[in-house]
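To start, the structure under review is shown below, and the notes come after it.
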Amino acid sequence: MAMEKTFNASEAEARIYEMWEESGAFKAGANASREETFCIMLPPPNVTGSLHVGHAFNHTIMDMLTRWKRMQGYDTLWQPGLDHAGIATQLMVEKDLAETQQPKRTELGREKFLEKVWEWKAAKGGTIEQQARRLGDSMDWSRSAFTMSGAESAPEGEKPGNFHDAVLKVFVKMYNDGLIYRGKRLVNWDPHFETAISDLEVENIEVDGHMWHFKYPLAGGETYEYVEKDEDGNVTLRETRDYISIATTRPETMLGDGAVAVHKDDERYAPIVGKLCEIPVGPKDQRRLIPIITDPYPDMDFGSGAVKITGAHDFNDYEVAKRGGIPMYNLMDTKGAMRADGKPYVEEAATAQAIANGEQDFDEAMIAAMNMVPEEYRGLDRFEARKRVVADITAEGNAVMTTQMVKDDEGEEVETTVPYVEAKKIMQPFGDRSKVVIEPMLTDQWFVDTAQIVGPALDAVKEGRTKIMPESGEKVYYHWLENIEPWCISRQLWWGHQIPVWYGPSKSNDLLLSDDNLSELNFEKRKAFCAEDKAAAETLASEYYGSAFAVSAIDSDSFVANTGQRKEAHPIGVAAGLTGDKQRIVISRDPDVLDTWFSSGLWPFGTLGWPAEDEAMKYFPGDVLVTGQDILFFWVARMMMMSQAVLEQDPFHTVYLHQLVRDAKGEKMSKTKGNVIDPLDMIDAYGADALRFSNAQMAALGGVLKISEDRIKGYRNFGTKLWNAFSFAEHYEIAYPGDAVRPKATQTLNKWIIGETGKVRETVDAAMEAYRFNDAADALYAFTWGKVCDWYLEFSKPILQGDDAAAKAETEQTLRWVLDQCLILLHPIMPFITEELWGLAANRAKMLVHADWPTYTASELVDADADREMNWVIDLIDNVRSARAQVHVPAGAKVPLLVSGLDAKGQSAWDNNHVLIQRLARIESLAHVDDFPKGCVTIPMSGGTFGIPLADLIDVAEEIARLEKTMQKLGKELGGLRGRLNNPKFVASAPDEVVAEAKANLALRENEEAQLKAAIARLEEIG
RNA sequence: GGGUGAUUAGCUCAGUUGGUAGAGCGCUUCCUUUACACGGAAGAUGUCGGGAGUUCGAGCCUCUCAUCACCCA
């Protein structure tokens, strides 16, 4: 059957992929011939995800590595899987419910909603795994993992798995080891999803904002001399003030102020430090007074230098408030509206005043319960409240005023006073999923005490156990880990791993309870029981309360309350006994789920069956992690911390980081810009191999990744070139004896290409080992196209068409072998077309995907004489062609060639290869002459000078110009060489081989120069 | 404001311990020659962002300035 004209990618790729998958070619351990394992964990895409160029890029890298190692006989696993992606998935399903007019999440309730999520996952999740197959990914699909597998909510029929076990086991272990705790801290709160989110899920975006300036009047109408000075100490302003001026971008938070802070060195405010001032908002009769304190935080040169401290709604203020013991009043509910719960404002304000005056003790819980929002603002959205607060303060005359020129009714410019409001760019935090403004909120959350587990993860990199590539990633890694914050791991969502903690009442002493000392139970203060399941939690609780009571653990569904406070776990309590006559203590489960990244942090071993004993654990620790540098902190650092915390091992020895994939102009791809390149479109148009080759080629370490359709197209052409090399073989009816064997070559030509193959194999392996995939791709491109196709195939033609049967047989065998090597070496990058071409031969021992990767070396295969000779031949052909073109010899015309002073080596090179030279340079004959005739094109070569007599054809002036141009180039080079060699310091200080090389080079160039000079002289005689 | 990286041919980018610059695409000219026009042959284009320093020698090392990008505040 004759080969098609080109490779039909769309037809062949599907067929070949199916062949691989059905034969189990990608299964863990397939083709293994040695003990060593090689394992890559796929960064699990979101279950909601679809394949984009970033995936296409890093999948190419991972697949190249995996296929390469598999061909080398390693026990290989590329582990696939999906991430349940808490927020993203919950959002997607909620949207879906809305679009299909189904009840909302909150109407469904937790259990029903989770059923919907699983249904959605079964129907629509994981399309990315199908798309990945189109790229040719050689993952072991039979092992595909899911970060929620084995969860209580998973329905029947869901693929089995035990990732949930791993998550719970790790949580309980870390809890018991004191690495996880619950506490009230300021966290990033997403008012849309009504959940805490991590620092990393917040995007800070610069937006247009305003800076308002307000007067906080001093208590009791007190006054002070306010003095401003310039840099030289000259007084620029002096006035008597009865207020302190405060600048803020968030006036609505004034209601929760606990203090005003100034810098201790700020002389302007020194007279009033320690006094009280009034928050100028809220009912006039209950204005709260707050202290003026000093703190290092305020910047004297920014705004007025005085800062209001709202500990519950700003991260900087939070630190100040903690330092100063300032109460932090939470003003907002979970939706970001002003709180509407609690006691009337009059009462709350009175309590707050007592606290500010130091007349009343307070604790965290008490402050949390207080609602400092006056009735007129309660229930308002935070942005509406802002407008109202600004309007109210301004109306009352407490806005700082400034002058401005405006046009009056007659169009005259007049000066008028207006409130001082600066229009200003401010950095505002947005939720990366919800796109709403994030509110710092003081809530109870679970945290991993990262400071305790960060050490081994830092050491892994510092001590070189884990290498980050490119190296610049290491600095970034250190910087982040050395300044790591506690990791908030609880999320107020439903889709995720529910926190395995149950709460019950605490006891006021250590004694076990008996049924008559129930009063020892404190329902206000909760006792947490952390266990892997309900039964274990009950056991823990029984041990705590004593055998006089039965304990029953329940799930708690939504935790109502619009208090602005984190929803409380309830109910807890004592119920009439159902079993015998014992009373029951009810403990209920924490409703929150874990941050998605908590479970993905366990990916390196959770996918391998852990905590069960599983043979697959032999693949842990894995080898290389390939991922975008944007998730270095999100995920990579956490895997490293968690692997150490749980298994005391590093999860991998190398981290390969790459940048975001951009469009050809280097811009981020976005739907709004319309510059999104869909990798599947590229595959449809040019085939997966072309896309993969393009990916490999742009994979320079640390490089910017710009994907360009032209480039992909170019590599499609490369595939066609390779294809045509095989149709060349078919055309010459070269037999294909199954796996080609390397011949013991006698022909210079064959020796040469075999040596070149040895060189490229070494280059490719070295590049792959160094993760320099672009070098591997470039080397293979240059070899296949530039050496094999451009020269070897052309050179082989005369032999293949000739009469020397032995030479012909040897060349055929060499050609087959060389082409096979191209297929093997290119296979990790271009798996489809190479497998297809491999299949042209019957009687293959194995599919190409399992073919043996070669180990021959350049030193084994390179024949120095053959190498020199063929390069001389190529050089001569190049020179003749170039000369011909420049003096306009018709391309088809055959010309005679003259040579003068040819040495023995040159003669032998000519004799061995004249057929090739004559064919490729279109030479009719060679004649030895002592002197070139007039009107002759000169070609200087090492070992002799060649000439083409063109008496009538030649344009003397043009030929002189050509030679002089060559002379110029040569002159530049000679100048450099002579300059260096004449410099005694160079000869003295440069390494010997560099000097020797320069000398040899100089001799060569001088020889050329002499030939050229002679040629020009001859021409000038005619001219 | 802090950090990281970039600045090399018209475009997109390589350039591994410092030894005198490369690829692909594009462009110009020629060629439909029995593997391939998704091809072949030939060719042009670079004070390697500016400046200074170290060195016999700098695209590469050091300092500085400029512009851009990304990450973190």
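Each chain gets a letter, A, B and so on, in the order the sequences are listed, and its residues count up from 1.
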Touch class at under 4.0 angstrom, heavy-atom based, for A:R716 against every strand present: base
A:N717 side chain, from C-beta outward: closest of B:G39, B:U33, B:A35: B:G39
Atom-pair distance (CG on A:N879; C1' on B:G43), nearest Å: 15 Å
Closest to side chain of A:E794, choosing from B:C36, B:A14, B:C56: B:C36
Euclidean distance, atom NE2 of residue A:H731 to atom P of B:C36 [Å, nearest integer]: 7 Å
Candidate nucleotides B:G15, B:A23, B:C56, ranked by approach to the side chain of A:R772 - the nearest: B:G15
Rounded distance in Å between the P positions of B:G46 and B:G3: 38 Å
Minimum side-chain heavy-atom gap A:R692-A:Y715 below 4.5 Å: no
Side chain of A:Y732 - closest among B:G19, B:A23, B:A35: B:A35
B:A21 - base-pair partner by Watson-Crick or wobble geometry, distances under 3.5 Å: none
Any strand: nucleotide that pairs with B:G5 via Watson-Crick or wobble, under 3.5 Å: B:C68
Which nucleotide in B:A14, B:C56, B:U12 has an atom nearest any side-chain atom of A:D775: B:A14
Nearest-Å distance once atom C1' is located in both B:C30 and B:A37: 14 Å
Among B:C36, B:C25, B:A41, the one nearest A:D710 by side-chain distance: B:C25
Nearest-neighbour nucleotide for the A:S882 side chain, B:A35, B:G19, B:A42 considered: B:A42
Sugar-phosphate, base or nothing in reach of A:Q801, heavy atoms under 4.0 Å: nothing
Protein-nucleotide distance (A:F773, atom CZ; B:U16, atom C1'), rounded to Å: 15 Å
